[in-house]
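Step one of this worksheet: look at the structure below.
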Amino acid sequence: MAAAAVPSGAEEPSSPDELEKTEEELEVDDNELDETLLERLWGLMEMYPERVRSAARATFDLSLFVAQKMYRFSRAALWIGTTSCIILVLPVVFETEKLQMEQQQQLQQRQILPGPDTGLSGGMPGALPSLPGKV
């Protein structure tokens, strides 16, 4: 029955030496995992010639410089565009909206309060009155 309780892939150590060996292997594995990716890359860097390392460093420095310049430029362009829109475009938008609202109010007043000429001439409300001197 004891043999049935042990999974088929797992083997139990038969001696204390094998138990100690597995613990030592686990400690070695833990020590290997303590090395970071940056430390590994730093160690591998020595594998390449100085010419390749300096070219990679120069490429990285240039790309960092370009990214910083692009960030500063986009930040300034966004600020200039936003403030220009607020100062130049929004007042025009507000004035056209105000003009449209005034025209709409005048149209509503003409429909509600028809003038004296609309009742006499029989014309439609809101139409221009006929001129008195012309037939």
Side-chain angles (χ1 to χ4, degrees):
M1 282 188 143
V6 176
S8 62
E11 296 180 12
E12 290 186 21
S14 58
S15 68
D17 291 334
E18 289 182 18
L19 181 63
E20 288 178 17
K21 186 176 181 182
T22 57
E23 288 177 3
E24 288 175 6
E25 289 174 358
L26 289 175
E27 288 178 14
V28 170
D29 290 340
D30 288 340
N31 290 338
E32 289 177 7
L33 295 177
D34 289 340
E35 185 179 28
T36 64
L37 180 63
L38 185 61
E39 291 171 343
R40 284 184 183 223
L41 289 176
W42 189 260
L44 289 173
M45 187 175 68
E46 296 173 356
M47 181 175 83
Y48 296 103
E50 180 62 33
R51 186 180 214 179
V52 173
R53 286 186 281 179
S54 63
R57 187 176 302 118
T59 304
F60 175 75
D61 290 340
L62 179 65
S63 63
L64 184 64
F65 176 75
V66 169
Q68 287 174 342
K69 287 293 184 181
M70 290 298 293
Y71 172 72
R72 289 182 184 139
F73 173 76
S74 63
R75 193 175 66 182
L78 182 64
W79 173 255
I80 290 170
T82 303
T83 55
S84 297
C85 180
I86 290 172
I87 292 172
L88 299 174
V89 176
L90 282 181
V92 174
V93 170
F94 289 146
E95 286 298 318
T96 55
E97 184 70 25
K98 182 180 172 184
L99 182 63
Q100 287 177 354
M101 289 185 67
E102 287 175 357
Q103 289 175 352
Q104 190 176 18
Q105 284 179 347
Q106 288 176 357
L107 183 62
Q108 287 177 352
Q109 285 178 357
R110 286 183 191 157
Q111 290 176 351
I112 294 173
L113 301 173
D117 292 337
T118 57
L120 296 175
S121 66
M124 295 181 61
L128 293 174
S130 59
L131 296 173
K134 305 243 177 166
V135 178

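Side chains are part of it too, since the values below use all heavy atoms of this structure and drop only hydrogens, waters and symmetry mates.
Hydrophobic cluster membership differs between I86 and V92, with clusters built from Ile, Leu, Val, Met, Phe, Trp and Tyr side chains linked at under 4.5 angstrom. By the criterion of side-chain heavy atoms lying less than 4.5 angstrom apart, applied directly or through intervening Ile, Leu, Val, Met, Phe, Trp or Tyr residues, F73 is not grouped with F65; the two fall into different hydrophobic clusters.
Put simply, the side chain of M45 does not reach to within 4.5 Å of the side chain of L41, judged on heavy atoms. Under the 4.5 Å side-chain criterion, counting only non-hydrogen atoms from C-beta, L38 is not in contact with W42. Within the 4.5 Å cutoff, no side-chain heavy atoms of Q100 are placed close to those of Q104.
Rounding to the nearest 0.5 angstrom, the gap separating the CZ atom in R53 from the CD atom in E50 is 4.5 Å. The distance from atom CZ of R110 to atom CG of L107, rounded to the nearest 0.5 Å, is 7.0 Å.
T83 places a side-chain N or O within donor-acceptor distance of the main-chain N or O of I80, the cut-off being under 3.5 Å. A donor-acceptor pair is defined here as one N or O able to donate and one able to accept, closer than 3.5 Å; no such pair exists between the side chain of S84 and the backbone of G81.
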